[in-house]
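A quick write-up on the structure given underneath.
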4 protein chains.
Amino acid sequence: MPGTPKALRPRKTPRQKRSAATRDRILDAAARVFVEHGYAAGTTNRIAEEAGLSIGSLYQYFPNKDAILLQLARRHVDQGRRAVAEALRSGLPGTWDERAALLADTALRIHDGDARLHRVLFEESPRPPALLEEIRRLQDALVEALAELLRADPPVRGAGPDAAGARLTAWFLVAATESLTHRYLADRPTPDVSAFRRELIALLTAYLHRPPHDGADGP
Amino acid sequence: MPGTPKALRPRKTPRQKRSAATRDRILDAAARVFVEHGYAAGTTNRIAEEAGLSIGSLYQYFPNKDAILLQLARRHVDQGRRAVAEALRSGLPGTWDERAALLADTALRIHDGDARLHRVLFEESPRPPALLEEIRRLQDALVEALAELLRADPPVRGAGPDAAGARLTAWFLVAATESLTHRYLADRPTPDVSAFRRELIALLTAYLHRPPHDGADGP
Amino acid sequence: MPGTPKALRPRKTPRQKRSAATRDRILDAAARVFVEHGYAAGTTNRIAEEAGLSIGSLYQYFPNKDAILLQLARRHVDQGRRAVAEALRSGLPGTWDERAALLADTALRIHDGDARLHRVLFEESPRPPALLEEIRRLQDALVEALAELLRADPPVRGAGPDAAGARLTAWFLVAATESLTHRYLADRPTPDVSAFRRELIALLTAYLHRPPHDGADGP
Amino acid sequence: MPGTPKALRPRKTPRQKRSAATRDRILDAAARVFVEHGYAAGTTNRIAEEAGLSIGSLYQYFPNKDAILLQLARRHVDQGRRAVAEALRSGLPGTWDERAALLADTALRIHDGDARLHRVLFEESPRPPALLEEIRRLQDALVEALAELLRADPPVRGAGPDAAGARLTAWFLVAATESLTHRYLADRPTPDVSAFRRELIALLTAYLHRPPHDGADGP
DNA sequence: AATGAATGAGCCTTCATTCAT
DNA sequence: GATGAATGAAGGCTCATTCAT
């Protein structure tokens with residue numbers, strides 16, 4: 001809009017910027033409060049106080065407590081999505097070992113410092129089905145992409161897995177990576193992250209390169 | 001106990017027996033209520049009703065809601081402990097593949113039908129540090145026993161892991177088994193339990209038999 | 001249940017009696033509070049206090065504020081129904097003049113001392129459709145009965161009104177009686193109730209005995 | 001006003017004019033909002049929005065919510081006053097039958113389309129005593145004027161009512177007209193307005209022409 | 001020991017009103 | 001004068017816990 005006097009234009013821009021900033025302040029405060037107290041004991045008043053706002057203001061930005069949680073979860077999921085996208089941006093590495101490392105590193109990057117929040121968001125709180133669906137979609141996309149890759153470029157020569165097998169293997173890769181990272185961050189069996197990382201990659205690659213199944217099993 | 005003179009039987013026993021039975025009834029009721037409603041919405045009144053008691057009576061058996069939760073969790077942990085003990089009673093299998101299968105089966109047995117309760121108990125509720133400590137001790141014992149076994153009978157010839165390495169590997173075995181079982185029960189990527197079981201065992205054995213690490217790693 | 005020991009039987013009876021008494025205490029308190037403050041400002045805490053109970057107890061008897069209002073309204077409607085039924089019990093008087101007097105007296109009896117409450121209940125508060133329906137049914141029944149009577153025993157010789165006319169006339173009788181009684185109790189244009197009563201009856205009988213309509217009208 | 005030198009035109013007028021226009025816009029908005037949502041749920045923010053103003057601006061025109069209500073009520077009363085005045089402007093009709101028709105028509109005109117607002121203003125909201133007084137004064141004036149007319153020109157030959165009687169009769173005329181109109185608009189026992197009008201006029205005229213009272217009454 | 005009515009702190013949320021820009 | 005973000009008192013309601021019977 002050239003020609004419009006500068007003084008007349010902004011009008012809403014600074015407000016919206018500030019507004020967005022306040023929203024984020026509330027979300028950050030909520031994250032901290034939920035992490036410390038859990039969902040049930042993370043009261044809206046506490047969140048408002050933590051955010052340095054009155055309770056009334058908080059409710060001008062979010063219609064209710066669950067909306068805060070939902071937004072927080074969405075933000076979290078988005079960060080995950082972005083992390084995955086970014087990891088893939090520069091092209092997938094050529095070997096499965098490198099790919100396993102990438103998986104581990106991405107998981108570590110996503111969850112570092114956020115494991116407790118993740119837990120509150122996705123396990124302890126009332127998650128609306130819409131969010132659940134969104135999460136599942138994200139995970140499914142990842143699993144599906146990995147399964148496709150497993151089929152196109154089988155890590156074990158000769159024994160390309162069938163469709164269902166590839167998907168299950170992909171699910172195991174994703175689930176193991178994420179669950180173990182979570183658990184590591186909660187448990188800290190070693191204070192040494194790189195030791196954990198190395199071991200996780202070892203697990204993933206061993207699993208990927210496992211010799212073909214001979215069919216014998218039983219309790 | 002026929003033949004025992006009435007007057008000699010301990011006065012308190014029947015009461016205590018009934019008392020213990022009532023406690024258990026309350027705990028069972030609490031388990032059902034927590035599973036259905038979660039911790040926060042699992043009110044003491046609901047528990048009392050489910051147990052077929054008045055709320056007043058419930059409070060004669062437990063000083064407060066958290067005590068119920070604590071007891072429930074302890075019972076759950078005990079069941080885990082017993083399951084592990086029982087698994088070992090008849091002697092450990094001779095091969096690591098069989099041991100991996102035992103691990104997987106025990107995890108499935110412990111959590112089947114109880115995953116939601118487990119979740120409520122250990123993720124959604126305010127867990128007192130004492131309980132956390134207890135859980136950790138149990139897990140540590142398991143991890144330590146496995147580590148010991150790894151050292152005494154290394155699955156990979158020639159390359160016996162050092163002490164710390166053995167413990168980390170043991171932690172991975174336990175954590176992967178439990179986490180993946182959990183996740184499977186929540187996600188159900190396959191409706192077929194035995195497919196999951198087979199794959200989990202494959203993962204564990206592949207990890208156990210992995211070729212010695214060559215030291216090269218990095219992002 | 002003859003033979004049942006007296007001491008074992010009552011058990012619940014006294015409780016229920018007390019329970020019902022408490023309900024009534026709450027309703028009475030609510031009536032007073034609503035009359036004094038109106039619906040919006042008649043807070044549940046105020047009602048509880050007026051009833052000499054804690055807020056928690058109040059909510060053990062009613063699930064929410066509207067339920068209190070609804071119950072109060074129903075009680076009021078029931079009283080009206082009973083008043084009407086009772087008025088008719090001893091048989092309807094034989095002349096329309098006496099019937100008009102009965103109508104007026106019943107209205108006065110129903111509303112005396114309750115006009116403000118009536119207003120709060122039926123005009124100022126959120127009335128659930130169910131209640132509205134109930135009220136309307138009661139009024140319709142009354143109107144319909146009167147219309148039937150007007151047809152069977154026309155107050156004006158020769159000019160029996162048609163069906164629709166009878167119903168409209170009946171509606172006017174009922175509405176005028178009730179509305180004017182209400183208004184009188186709110187306005188008190190005369191402190192003398194019997195003067196009002198006389199005039200109301202005069203209005204009703206004049207209306208009943210009005211000469212047949214000649215069809216000419218217009219603004 | 002062409003020709004008036006700019007410098008001479010009163011500075012304040014345009015502002016005051018605009019100010020008055022804004023006030024009216026707010027009142028109109030309030031009327032709509034109150035009609036749709038009732039008093040309690042008719043929030044000031046909603047009113048401001050409906051008026052196309054910011055909440056801050058609204059508070060520059062009215063000190064608080066009740067002031068809006070008061071002003072609205074006053075405007076409503078004024079309209080009533082004006083309607084009555086206008087009805088009388090062209091001279092009172094010569095017969096009581098025509099006067100009854102005028103009464104009915106005026107009531108219908110005043111309330112048509114406004115019954116809900118009337119209700120909110122005068123029954124559902126906290127009316128300050130000052131307003132109540134004003135309303136009562138207006139009604140009293142009307143009643144008094146009618147009473148005077150009844151005395152000066154008694155509808156029933158020979159039996160001119162005494163002072164108190166005339167006032168009571170006048171009150172009945174006004175109250176019946178208004179109450180029944182209200183009730184009709186809320187109840188709609190006939191969808192046909194003209195049928196209602198005819199019947200109302202019949203009631204009023206029958207009442208006016210009632211044969212003199214013979215003094216006998218009783219319960 | 002059992003019962004369940006009673007308690008009240010505290011939660012989420014609304015909305016009239018103020019005030020910095 | 002206008003704006004709308006900020007405020008916080010207050011309301012409806014829940015639920016762990018107590019206590020008279």
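Between Arg75(B) and Asp28(B), at least one side-chain nitrogen of the basic residue sits less than 4.0 Å from a carboxylate oxygen of the acidic one, meeting the salt-bridge criterion. Residues Glu124(D) and Arg119(D) are not paired through a salt bridge, judged by the lack of any N-O separation under 4.0 Å between the basic side chain and the carboxylate.
Note on Ser54(B): every side-chain N or O is 4.0 Å or more away from OP1 and OP2 of dG4(E). For the pair Gln60(B) and dA2(E), the criterion of a side-chain N or O lying under 4.0 Å from OP1 or OP2 is met.
Regarding Arg46(A), its CZ atom lies at a distance of 10 Å from the P atom of dG10(E), rounded to whole Å. Rounding to whole angstrom units, NE2 of residue His37(B) and C1' of dT14(F) are separated by 14 Å. Here dG10(E) presents its C1' atom at 15 Å from CD1 of Ile47(A), a figure rounded to the nearest Å. In this structure, the CZ atom of Arg23(A) is 17 Å from the C1' atom of dA6(F), given to the nearest Å. Rounded to whole Å, the distance from CZ on Phe62(A) to P on dC12(E) is 15 Å.
At a threshold of 4.0 angstrom between heavy atoms, the contacts of Ser57(D) include nucleobase atoms, whether or not backbone atoms are also involved. Tyr61(A) comes within 4.0 angstrom of sugar-phosphate atoms only, judged by non-hydrogen atoms across all strands, and of no base.
Side chains of Glu36(A) and Glu50(A) form no contact here, defined as non-hydrogen atoms less than 4.5 Å apart. Taking the side chain as every heavy atom from C-beta outward, Ile47(B) and Phe34(B) approach each other to under 4.5 Å. Side-chain contact between Leu131(A) and Ile135(A): present, with at least one pair of heavy atoms (C-beta onward) separated by less than 4.5 Å.
Comparing the C1' positions of dT21(F) and dA1(E) gives an interatomic distance of 13 Å, to the nearest angstrom.
DNA chain F forms stems at E:2-21 with F:2-21, each a run of 3 or more consecutive Watson-Crick or G-U wobble pairs whose two key distances fall under 3.5 Å.
Using a distance-only test at 3.5 Å, with no hydrogens or angles considered, a donor-acceptor pair links the side chain of Arg46(C) to the main chain of Ala41(C). The main-chain N or O of Val35(B) is found under 3.5 Å from a side-chain atom of Arg116(B) such that the two form a donor-acceptor pair.
Contacts classified as ring pair (Phe, Tyr, Trp, His ring centres under 6.0 Å) and involving residues 50-78 of chain A (residues at least two apart or in different chains) are given here: His76(A)-His118(A), His76(A)-Phe122(A).
Remark on DNA chain E: of its neighbouring residues Thr43(D) and Leu58(C), the 5'-side contact belongs to Leu58(C), judged by nearest-heavy-atom nucleotide.
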Collect all protein-nucleotide pairs involving nucleotides 17-21 of chain F in which both atoms are nitrogen or oxygen and the distance is under 3.5 Å.
unit_1  : atom_1 : unit_2   : atom_2 : d
dT17(F) : OP2    : Tyr59(B) : OH     : 2.8
dT17(F) : OP2    : Lys65(B) : N      : 3.0

